[in-house]
There are 2 protein chains.
Amino acid sequence: MSLPHPETDQITLPNVLAALGDDTRLAIIGCLARCDASGGLVCGQFSGLTSKTNLTYHVAKLREAGVINVRPEGTKRRVTLRRDDLDQRFPGFLDSVIATAIDLPAVETTMRELESTTEPGSA
Amino acid sequence: MSLPHPETDQITLPNVLAALGDDTRLAIIGCLARCDASGGLVCGQFSGLTSKTNLTYHVAKLREAGVINVRPEGTKRRVTLRRDDLDQRFPGFLDSVIATAIDLPAVETTMRELESTTEPGSA
DNA sequence: TATCTTGTTCAATGGATATTGAACTAATGC
DNA sequence: GCATTAGTTCAATATCCATTGAACAAGATA
């Protein structure tokens with residue numbers, strides 16, 4: 001982890017709620033919830049949501065709140081949900097949020113774009 | 001209900017998260033979670049948290065997001081959690097938030113003040 | 001080395017949000 | 001009717017937050 005992430009026990013509910021209380025960031029979480037089992041996503045894959053600069057900003061917010069993990073991968077940044085950490089701190093919380101976030105319109109749109117640009121058979 | 005409250009199916013997760021993503025409002029929820037079984041609280045009982053004017057503002061935010069119910073009672077406003085409505089819309093969400101919010105420092109302080117000013121034996 | 005891709009940094013802006021105090025309204029109790 | 005209690009409204013401010021564009025940095029690739 002080259003980027004600063006809060007330790008599990010430093011994740012606070014006010015920070016997490018504030019981080020999720022934004023349409024763009026909630027959509028990011030919705031996308032991740034759909035793709036997390038297949039290794040998460042890289043920042044560029046959220047480009048349907050807003051500008052590159054703005055994505056950097058929102059991804060940093062989520063990372064600093066302890067909601068996501070961001071790992072450099074070449075020039076890319078692989079983003080994953082901190083499921084275990086959040087479950088440990090706030091049992092049931094993430095699941096209940098995801099249940100709704102996963103169906104947000106912005107998430108639908110973004111995922112459809114991803115499917116259409118992903119080569120079949122790619123890892 | 002003389003004050004405008006959203007219908008159950010008009011309560012949205014982004015609005016609820018934004019409403020809860022504030023220290024004062026999260027403390028209000030924590031207090032309510034402790035007192036909800038005993039009929040909720042009136043606005044004035046949150047006076048330890050911030051000014052009267054500011055309380056009006058934050059209580060309105062929570063009401064407009066569909067998190068609380070506010071019912072006039074003489075010159076007072078009785079505030080209760082919309083537990084059933086939130087459980088229906090976002091199963092598990094409120095419980096997971098309350099589990100943490102109930103122990104916030106501001107909630108501890110406010111509740112201690114309330115206990116010391118409540119006459120024993122009052123309804 | 002040159003170039004492309006991906007994302008960051010910075011400064012500036014606009015807009016939303018929280019906070020305040022003064023004046024006000026509505027219900028209650030004397 | 002008058003004072004009291006409880007909360008609201010309004011205008012002003014202060015602050016934070018999201019968004020943008022230009023310039024930059026780092027890794028990949030040729």
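Only heavy atoms go into these numbers, but all of them, side chains included; no hydrogens, no water, no symmetry mates. Just so we're on the same page: letters track the sequence lines, and every chain starts at 1.
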task = Can you measure from CG (B:N69) to OG1 (B:T80) and round to the nearest 0.5 angstrom?
result = 4.5 Å

query = For the atom pair CD1 (B:I98) and CG (B:L81), what is the distance rounded to the nearest 0.5 Å?
reply =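 The CG atom of B:L81 is 5.5 Å from CD1 of B:I98, to the nearest 0.5 Å.
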
When the distance from [atom1] of [X] to [atom2] of [N] is rounded to whole Å, what number comes out?
X	N	atom1	atom2	answer
A:N15	D:dC16	CG	P	15 Å
A:Q45	C:dT5	CD	C1'	14 Å
A:L17	D:dC17	CG	P	14 Å
A:N54	C:dT9	CG	P	15 Å
A:D23	C:dA16	CG	P	13 Å
A:E64	C:dT8	CD	P	11 Å
B:D22	D:dC17	CG	P	10 Å

message = Regarding A:R83 and A:D36, does a basic nitrogen lie under 4.0 Å from an acidic carboxylate oxygen?
response =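 The answer is yes: the pair qualifies as a salt bridge.
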
query = Do A:E115 and A:R34 sit within salt-bridge range, that is, some charged N less than 4.0 Å from a carboxylate O?
reply = no

Between the protein and nucleotides 8-15 of chain D, which nitrogen or oxygen pairs come in under 3.5 angstrom?
{"from": "D:dT8", "atom 1": "OP2", "to": "B:T56", "atom 2": "OG1", "distance (Å)": "2.6"}

inquiry  = Here's a test of your reading of the structure: between A:A18 and B:V42, which maps to the more 5' nucleotide of DNA chain D?
reply    = B:V42

query = Does a nitrogen or oxygen in the side chain of B:S47 sit under 4.0 Å from OP1 or OP2 of D:dG7?
reply =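 Answer is no, no contact under 4.0 Å.
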
ask   = Side-chain N or O of A:H58 less than 4.0 angstrom from OP1 or OP2 on D:dC17?
value =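 It does not, given that no N or O in the side chain of A:H58 lies less than 4.0 Å from OP1 or OP2 of D:dC17.
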
task = Under 4.0 Å between any heavy atoms, over every strand shown, what does A:R78 touch: base, sugar-phosphate, or nothing? Just pick one.
result = nothing

task = Spell out protein contact along nucleotides 24-30 of chain D as letters: B when the base is contacted, S when just the sugar-phosphate is, - when no protein heavy atom is under 4.0 Å; keep the 5' to 3' order.
result = --BBS--

Hey, are the side chains of [X] and [Y] touching, using non-hydrogen atoms and a 4.5 Å cut-off?
X	Y	result
A:L20	A:F93	yes
A:V67	A:R82	no
A:R77	A:P72	yes
A:L41	A:L114	yes

task = Mind jotting down which residue pairs meet the ring pair (Phe, Tyr, Trp, His ring centres under 6.0 Å) criterion with at least one end in residues 66-87 of chain B? Sequence neighbours excluded, please.
result =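 Every pair satisfying ring pair (Phe, Tyr, Trp, His ring centres under 6.0 Å) with a residue in residues 66-87 of chain B: there are none.
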
task = Among the candidates C:dT17, D:dT19, D:dC17, find the nucleotide nearest to the side-chain atoms of B:K61.
result = C:dT17

